[in-house]
A.B. asks: 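Pasting a structure here, questions to come.
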Amino acid sequence: MIAGPVAETVDIIGHMVADMGQKRASAQRAYTDAIQSLKDFQPSGLTKMRNWVEPLQIAARDQAYEYVRTEQMYVLLRLTQELLGVVGDRLQLWKSVFDEVFSTLAISDPSRPGDGSGAIGVVGREYLERLEGRLRRLATFRSARISCLPSSETDPDTSMQGFRDVLRDLAVKGDGGTEVGEQRAALAEWQVNVVDGQPRCILRLDGKEFELRDLAGLHRHLFAEFSTQADNRLRDVDIFDFVKYLQSQVVGFQLSDLTNILRQESSVLISAAVEEEAVLVTSRPQSPDAQALSNAIAADLRGTYDRFQTIHEYSDRHSIYLIRLHFQAWDQYYDIQTCKREYERIQGQNLSGNTLEDSSLYRAQVHHVFPHELEAWYIERWFLTQHEGRVELTPRVVRLLEDPAMTQAFIRCLAVGSVVRNENGLWRFRYAPGESELPDAHLTEYRHPETFEDLLRAAEVMCLSQRDCRPNVHLSILRESAVASFEACMHNGASLAEWMVGDKVSTAKVDAYLDEYFAQPTHMDPHHRERYVSERKSLEVLFRFYLHPMTKVGLRHRVELLPLYVPRSDDPS
């Protein structure tokens, strides 16, 4: 229903039509009665006729006139009533169009059914609230402070001591101090017309036309335009502008307030009392004032450190960093030494039944979020608890432990001969007889000058790639295929017993195998010789661990720290 003046007019016209209808009916009856009286007149003689007929004729004529006048007024009012109805319907259509326009812009967003907020709400939620949250996180993050005030978790200074308002005015105000939003609103033009009997409303802005269905995305267009303009206005603003603002607007600010923050925040991980170098990192100053400020900050910091330099190559012009460098070996840091000793202590610890102590051991596994690291930690821990001494697996060998079951299958296939080096010195994997139609899978394609590399390369192909190493050959080496190949060799007479001495894997047997297939080259520089020795020791550890018949590789044995030689009857592995 239409409200307002049109509705009031329709109501008044309705009352007038009803009232005129009554008058029309009364006039019609009076006219009918007058005509009937004229028809019923019976003169008594010719001489009396004239005196009696004339008054009746005059009365009939007057009643006819009144009836016609009343009928015309009634019809006119009815037509006016119908016209107002059409006007009301058309106004209702226009009202629905404008309601949808305002609803889309300010009340509800058609692209987000049930969201309950329009384009203005989307801007507030997606842009302003997100920016406010980001500023709050930065204000409470010590290493990314945006204020020189003392840090406060409960009331962080997100306004950067008032500098945010300066940036806002610079970003949103154009020439003459008028905000860009007001300038854009002055250029906007609404066009309304009727197409095919339906009202149409179009917003013309920036050379584009936004129809009703396009208004839901108006905020995105405005954001793109405004952000581009803001970026252009803020292009030359940098950290030195903030420092200049603090010097001119903040009472009591000293340049030492800033340099003290840099000193404090850069000392978090420093614990060794050794010669130290500091590097001040900023973007390149764009003005003489900025250059003078940069020099003043550097001068205040320079006397604190043994060596000092300034680098103006940082890409973030809004940041300033102080990097403090120590050049000694990592084990000279007290903090790192402490962490390493604690790590080694927990790794060699056995379950004791004491909840507090055992919880620390279980919790230590959380430090290894990748499966190969967890497996390496478990293997190293096993050697410690078996009183075999501390071993440290090299990173290249640790990579092989991504799938412990596959690594175990590879080591066992080496031991029983289903992974072999042929007469050309190239490594091949032999499928089980049940897969006899498959040719051998190639694990290496050429001989490396240092042949010990070939065994590691074969291990990487089978344990990690799990496919033939040739680029155009599609032969998969699944875990099931590796286990089947190992079991087939065992069925044909091969045995792991020859690798055992009592209840342990024979170190002599492993050494003899590695002497043949992982031999040390005759000419190696000290660095490569050291790497070779550590990788050979790591492979020896894998052989001794995975060749033992009782070794389980199920994840539950790792996370529950189950003993190696006490398998559970309900263990699915």
Side-chain angles (χ1 to χ4, degrees), residues 128 131-174 177 179 227 229-270 276-325:
L128 300 181
L131 179 60
E132 184 66 29
R134 184 179 179 186
L135 285 172
R136 184 162 293 276
R137 287 193 299 273
L138 288 174
T140 55
F141 184 42
R142 288 182 58 199
S143 297
R145 292 181 60 175
I146 59 176
S147 172
C148 287
L149 287 176
S151 58
S152 170
E153 295 266 342
T154 57
D155 186 24
D157 176 31
T158 57
S159 71
M160 296 180 286
Q161 295 170 262
F163 189 61
R164 190 175 69 173
D165 293 334
V166 175
L167 295 178
R168 179 188 176 280
D169 289 345
L170 183 61
V172 305
K173 288 188 177 179
E179 291 196 2
S227 61
Q229 294 180 24
D231 288 344
N232 291 334
R233 292 188 176 93
L234 297 173
R235 180 181 300 142
D236 296 328
V237 177
D238 56 22
I239 184 66
F240 301 109
D241 290 288
F242 177 51
V243 178
K244 285 190 289 184
Y245 167 82
L246 294 176
Q247 287 181 320
S248 62
Q249 301 296 325
V250 178
V251 178
F253 173 79
Q254 300 292 328
L255 204 60
S256 58
D257 297 336
L258 174 61
T259 55
N260 286 337
I261 291 176
L262 294 174
R263 290 187 182 94
Q264 293 167 7
E265 298 307 322
S266 62
S267 63
V268 175
L269 295 179
I270 303 298
E276 183 179 352
E277 178 178 352
V279 181
L280 182 67
V281 181
T282 70
S283 62
R284 187 166 299 281
Q286 298 298 311
S287 67
D289 288 345
Q291 182 63 58
L293 275 176
S294 175
N295 294 338
I297 294 171
D300 190 85
L301 292 169
R302 183 173 285 107
T304 309
Y305 307 103
D306 300 299
R307 295 192 299 274
F308 182 86
Q309 63 173 313
T310 302
I311 297 177
H312 295 306
E313 302 296 335
Y314 193 49
S315 59
D316 185 357
R317 62 183 184 277
H318 304 297
S319 299
I320 183 169
Y321 283 95
L322 181 66
I323 302 174
R324 296 167 65 176
L325 305 174

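Along the sequence shown, the residues carry numbers beginning at 1.
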A.B. asks: Does Arg317 reach the main-chain N or O of Arg235 with its side chain, forming a donor-acceptor pair under 3.5 Å?
C.D. replies: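 It does hold such a pair.
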
A.B. asks: Can you say whether the rings of Tyr314 and Tyr321 are parallel (under 30°), tilted (30 to 60°) or perpendicular (over 60°)?
C.D. replies: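 Perpendicular: the ring planes of Tyr314 and Tyr321 meet at over 60°.
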
A.B. asks: Donor-acceptor check, side chain of Asn260 to backbone of Asp257, threshold 3.5 angstrom: yes or no?
C.D. replies: no

A.B. asks: Check Gln161 against Asp157 and note the closest heavy-atom contact, atom names and distance.
C.D. replies: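 Result for this residue pair: N-OD2, 2.8 Å.
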
A.B. asks: Does any non-hydrogen side-chain atom of Arg136 lie less than 4.5 Å from one of Glu132?
C.D. replies: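 Yes, their side chains come closer than 4.5 Å.
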
A.B. asks: Testing the basics here: between Gln247 and Leu255, what is the closest heavy-atom pair and its distance to 0.1 Å?
C.D. replies: NE2-CD1, 4.2 Å

A.B. asks: Does Leu246 form a side-chain contact (heavy atoms from CB on, under 4.5 Å) with Leu258? I'd like the steps, not just the answer.
C.D. replies: CA-CA 10 Å; Leu246 294 176; Leu258 174 61; over 6 Å; no

A.B. asks: Going through the distances and angles, do Arg284 and Glu313 end up as a salt bridge (Lys or Arg N to Asp or Glu O under 4.0 Å)?
C.D. replies: CA-CA 6 Å; Arg284 187 166 299 281; Glu313 302 296 335; 2.6 Å; yes

A.B. asks: Is there a donor-acceptor contact under 3.5 Å from the side chain of Asp238 to the main chain of Asp241?
C.D. replies: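 Yes, because the side chain of Asp238 sits within donor-acceptor range (under 3.5 Å) of the backbone of Asp241.
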
A.B. asks: List the steps and the verdict of side-chain contact (heavy atoms from CB on, under 4.5 Å) for Thr304 and Thr259.
C.D. replies: CA-CA 11 Å; Thr304 309; Thr259 55; over 6 Å; no

A.B. asks: Considering non-hydrogen atoms only, spot the tightest contact between Leu167 and Met160 and give its length.
C.D. replies: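 Of all heavy-atom pairs spanning Leu167 and Met160, the closest is CD1-CE, 4.0 Å.
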
A.B. asks: Got a second to check how far Asp300's CG is from Arg263's CZ, nearest 0.5 Å?
C.D. replies: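 These two atoms lie 5.0 Å from each other.
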
A.B. asks: Please walk me through it: do Asn295 and Gln291 pass side-chain hydrogen bond (donor to acceptor under 3.5 Å, both in side chains)?
C.D. replies: CA-CA 6 Å; Asn295 294 338; Gln291 182 63 58; 3.0 Å; yes

A.B. asks: List the atom of Thr140, the atom of Ser152, and the distance in Å for their closest heavy-atom pair.
C.D. replies: CG2-O, 4.3 Å

A.B. asks: If you take all heavy atoms of Thr282 and His312, which pair is closest and at what distance?
C.D. replies: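 Minimum heavy-atom separation between Thr282 and His312: OG1-ND1, 2.8 Å.
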
A.B. asks: Check Cys148 against Ile261 and note the closest heavy-atom contact, atom names and distance.
C.D. replies: CA-CD1, 4.0 Å

A.B. asks: Do Phe308 and Leu301 make a side-chain contact, defined as non-hydrogen atoms from C-beta onward lying under 4.5 Å apart?
C.D. replies: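 Contact flag for Phe308/Leu301 side chains = yes.
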
A.B. asks: Judged by atom type as modelled, is there a donor-acceptor pair below 3.5 Å linking the side chain of Tyr305 to the main-chain atoms of Arg324?
C.D. replies: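 No; judged by distance alone, with no hydrogens or angles, the pair does not exist.
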
